[in-house]
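This report concerns only the one structure given below.
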Amino acid sequence: MQTEFAVRKVVDGILVEIRGPLGKEGGEALLRVVQDQGAVPRHLVLNMTGVGVINTAGIGGVLWAVRLVAKAGGRASAYGLSDHFRKIFHVMGLTQYLFVAADEEAALGGTAR
Amino acid sequence: MKMEPAAVRLLGARVASVTAPAGFGKTTLMREAAAVSGGPVVWHRTGVCDRDPEVLAGALAEMNWTRLPDGGVLVLDDVHLLADSQQACRVLNGFIDAVPQGLCIWVAGRFALRLASLARLQLSGEVVEIGPADLGHLGWPAAERLGRGLAWDAYVESEVCAHLPDDLRAFATDISLLEQWSPEACDWLLERTGSGEDLAHLERLLPGLAAPHPLLREWLLACLRQQGARHGLLVRRAALWESGRGNGEGALAHALVSGDMGLIAPLLRGACERALRQGRLQDAERWLEQAPAPALEAVPDLLLRVGEALRRAGRPRRSVRWLQSATVGFAAVGEEGGLLRSFCRLTLAHGDLGEWEEAEAAVRQVEAELPVAGRERAEVLLTLAEYGAARGAAAEAERRFREAAALFEEHGDAEGVGAALAGLGASACVAQGRLDDAVQELRRAQAHLAGAPAYDALLAEVQVLLLAERWGEAERAVAAGGPASPAQRAQICWVRARLALQQGDAEGAERLCQEGEAWLEEADRTPALDAAALTARGWVEASRGGAVALARQAHHLAERAAVPLVREGARGLLQACEAPLVRAPVRVQCFGPFRVVAAGREISPSVWGRPQVRSLFQYLLLQPALTAAREAMLAVFWPDESPNLSRARLRVTLNRLRRALQEMGVSLETAAGAVRIPPGALEVDLEQFRQHLSAARAAADPEERILHCRTGRALYRGDLLADAFWPGAEEHRYRAQRDLADLLHLWHEGELRLGRVDEAIAALEELADLEPGREEAVRELIALQLRVGRRGEALRRYRKLERWLKQELGLSPSPETRSVWRTAHN
């Protein structure tokens, strides 16, 4: 099963809904989605409600994408993460660049730490 | 008032030449000497205008030196300013020649002038020469006084460098990047030749400062930095020059200034790897701190190594920082294997931080992503094994360590093999109380390791030998030298303190303990190291009669540290301290090599005198209540002798045994035709083993059963009285093996009741190796292995059973066993 992305504009940036497994290919595809926006978005929100299995390679892709946004002076948020993956994100250091929110509203209003 | 030696020399001189760079105190020296001289002093400070010979002649005439009485002093200061004027120098020559013998003349300048008059006087030995070495014993006095700052900048600009020709000043500025100004280095840096001449010229104009003096160099470097592009070009060349000379660290310092990523990344790697090999972790981390982010992203494997080294040094927070940076680098290049490796190390680091929820989640993730084969699988298994050992799942950890070692061996990774074996020994085996196995694995680990990791394994081996009270081997092992960080040096001191206590040297032990505590101050502190320090101190205090509070503190800290080796050490101390203060019984080891330990020292075999005395003692140890009838002993040891002779031999042997036991403080009692050793006089491991076996049988609670089994298993260090061959010894050995088999069976039952299948399998595997023909146990083992998906192992075990039954008994496996095998085959 492939990873699918649905992108919609939000204030200041984009909201990317991710569905399916998030492995190496999914992570790379996410990065391309961000890069294909023309300019690096000021705000990147990731809806991970529909994500199934995530492995470290997939997390690596997410890490690279949110760092890209952070380097360009933007902010990144995510919601829909299970408790397990919220801890995994913390272990891998993603939470330095990514605000993990409880829901979409909080994610849209949130800022990266 | 005490005068400077140079001033004393000056006072005694009729003609003196004082030559030193600016700020060395020439004028101060001459003023001091003049003040003491007692005679009239006439002073002329040369100026630039004196280059005109007429002006100079007029100035010298105004000194009215012809009217000075004998003993008067003429001082000519800053004569170096006349260097460019030959005519002025001729006037000066004439002046010096004309001064009568009764007057003194002192000539001072920043460098020596070529004056014929002075040369003639030097030939006749009439000139006292005072140079920078006579004045600069305090360094560069001006630099000392002015230090850094605006005053210093102004001084260097106006007094030191102002008189340098422009091209020479530019040369000095360019080469200020170099720490050492050699002709070769300067030529290379500036891509030219002839630097030797310029350096010599510089030395003439700035004697003693063109080495270069650090403050001068710093000032010149500041000037170079203002030149922007030129500075960038030269700093890059300086980095390449230092790199070519093998000065990686100097090259890296220049490269970091240059900002050239192409230079920084390889130099950063080289310098950090060298620092890691030499145990200079702080240096490696310092360079990483200075490196820009793009350079760090180019060396994720280096960040992983530094992060892991910091974790092992007990600095998990710093470790997390670099490990997370490593994940960024690996993510950048899409290297999955690297991402998984750094994630594994982050798992352990978060555990070290006490963030167990996150660590548990990470372990589940790692297990889900466990590669099926290859070096990556080995790396991940190593992480899981270390984590498991820290969390108390020692049997499972052992299995993973062994598999990791095998995989690393397949891939020719000696360091990986060594790390796996070291973990197996120091963590898994120690946690299970199998100290002899731990020693064996740690020795195997050392054969695969080098440098600091090898020495860590040696230290672990020594600590296990201490736990096992194998004092002689511990002493020999600790004598082997090796690289030693402050933490390692502290641990060596504590080991030596413990050995000193064994030899009764309490003072030596105290001294070594203090030395270890001093090294501790320089080490990176971790709970494990602190616990080891308290344990060492506790043993020293215990030898003085009391250290219970200290022992409890050490034990508490050791439990937090989650390092099995440190935990066992602290536990041993606590047990020793909390035991009643009675005379320690003599300890006898019957399993494995036969040993007797009295008052903490192993008894030498020579104490028995004759082998038969030792054999008789061993026979007594195997009897219930350590009591044996004389007739029984006669039948065993002298069956074919005549009654009188055999009784005489028994009497002599018992007397020898009595004397040997007396030396250990143990009595031998004889009464009613029997001989016995009083209860409580000996601690015999065989007796303890039997007690634990009985307790395991009786225990209803599985945890309690497992505890007794584990303790009993730890006592069984090898075959019972392996080197005893007197009649009946073999039978006792066989019975002990059966007891061990029963113990292992009980153990596996306990583990199964707790749902710990891997641990149950480990117990059954040992049982099956011990008694390959115990078919029901093997069948149970195969069934469990199949249950957890270890099909290959199950098949191999079946084949082994099949072969054994056929070779030993001429039989095939039973229908029940064949049925289990058919299931596996399908």
Side-chain angles (χ1 to χ4, degrees), chain A residues 3 18 20-35 40 44 46 48 51-74 76 78 81-100 112-113, chain B residues 292-294 296-297 300 303-304 307 311 316-353 355-371 376 379-380 383 387:
Chain A
T3 319
I18 309 172
L22 194 57
K24 184 179 178 188
E25 289 78 20
E28 287 170 353
L30 173 63
L31 189 58
R32 281 196 297 275
V33 163
V34 173
Q35 287 170 331
V40 176
L44 172 66
L46 301 175
M48 307 196 70
V51 174
V53 173
I54 314 178
N55 68 10
T56 44
I59 298 172
V62 172
L63 173 61
W64 202 239
V66 302
R67 251 186 67 103
L68 188 68
V69 169
K71 269 174 151 177
L81 269 178
S82 66
D83 191 51
H84 170 77
F85 284 109
R86 188 178 48 74
K87 290 173 184 158
I88 300 301
F89 273 34
H90 170 70
V91 167
M92 284 191 81
L94 256 101
T95 48
Q96 293 174 56
Y97 313 104
L98 182 75
F99 171 58
V100 178
R113 293 197 193 109
Chain B
L296 294 177
E297 282 169 18
L303 300 181
L304 179 61
R311 191 186 70 82
R317 209 161 291 284
R318 303 292 302 160
S319 164
V320 163
R321 185 225 161 127
W322 297 114
L323 290 171
Q324 287 177 346
S325 298
T327 63
V328 171
F330 286 126
V333 296
E335 192 185 320
E336 287 181 74
L339 272 170
L340 186 56
R341 281 202 306 278
S342 53
F343 182 65
C344 286
R345 297 295 155 196
L346 279 165
T347 303
L348 295 173
H350 281 277
D352 292 345
L353 282 169
E355 294 175 5
W356 293 113
E357 278 194 30
E358 283 78 5
E360 288 288 336
V363 163
R364 283 201 300 279
Q365 184 71 21
V366 168
E367 283 174 338
E369 293 190 45
L370 181 64
E376 295 297 343
E379 295 256 13
V380 176
T383 299
Y387 186 83

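Below, chain A is the first sequence line, B the second, and so on; all start at residue 1.
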In terms of heavy-atom pairs under 4.5 Å, which option from [options] contacts chain A the most?
options: B:A332, B:A368, B:A362, B:A331; answer: B:A332
options: B:L339, B:L340, B:L346, B:V328; answer: B:V328
options: B:E335, B:H350, B:R321; answer: B:H350

Find the distance between [atom1] ([X]) and [atom2] ([Y]) and round it off to the nearest 0.5 Å.
X: A:N55; Y: B:F343; atom1: CG; atom2: CZ; value: 10.5 Å
X: B:R364; Y: A:H84; atom1: CZ; atom2: NE2; value: 6.0 Å
X: A:L63; Y: B:Q324; atom1: CG; atom2: CD; value: 9.0 Å
X: B:E297; Y: A:W64; atom1: CD; atom2: CH2; value: 4.0 Å

Which one of A:L94, A:V53, A:V91 has the most heavy-atom pairs closer than 4.5 Å to chain B? A:V91

Looking at A:F85, is its backbone amide N or carbonyl O close enough to the side chain of B:Q365 to form a donor-acceptor pair, meaning the two atoms are under 3.5 Å apart? no

For A:T56, is there any backbone N or O sitting under 3.5 Å from a side-chain donor or acceptor partner on B:E369? yes

Engaged part of A:I59 at the chain B interface, taking heavy atoms whose separation is under 4.5 Å: neither

Atom group of B:E358 that falls short of 4.5 Å from chain A, counting heavy atoms: both

Under 4.5 Å to a heavy atom of chain A? For B:E355 that would be side chain

B:E357 atom CD, neighbour heavy-atom count above 12 within 6.0 Å: no

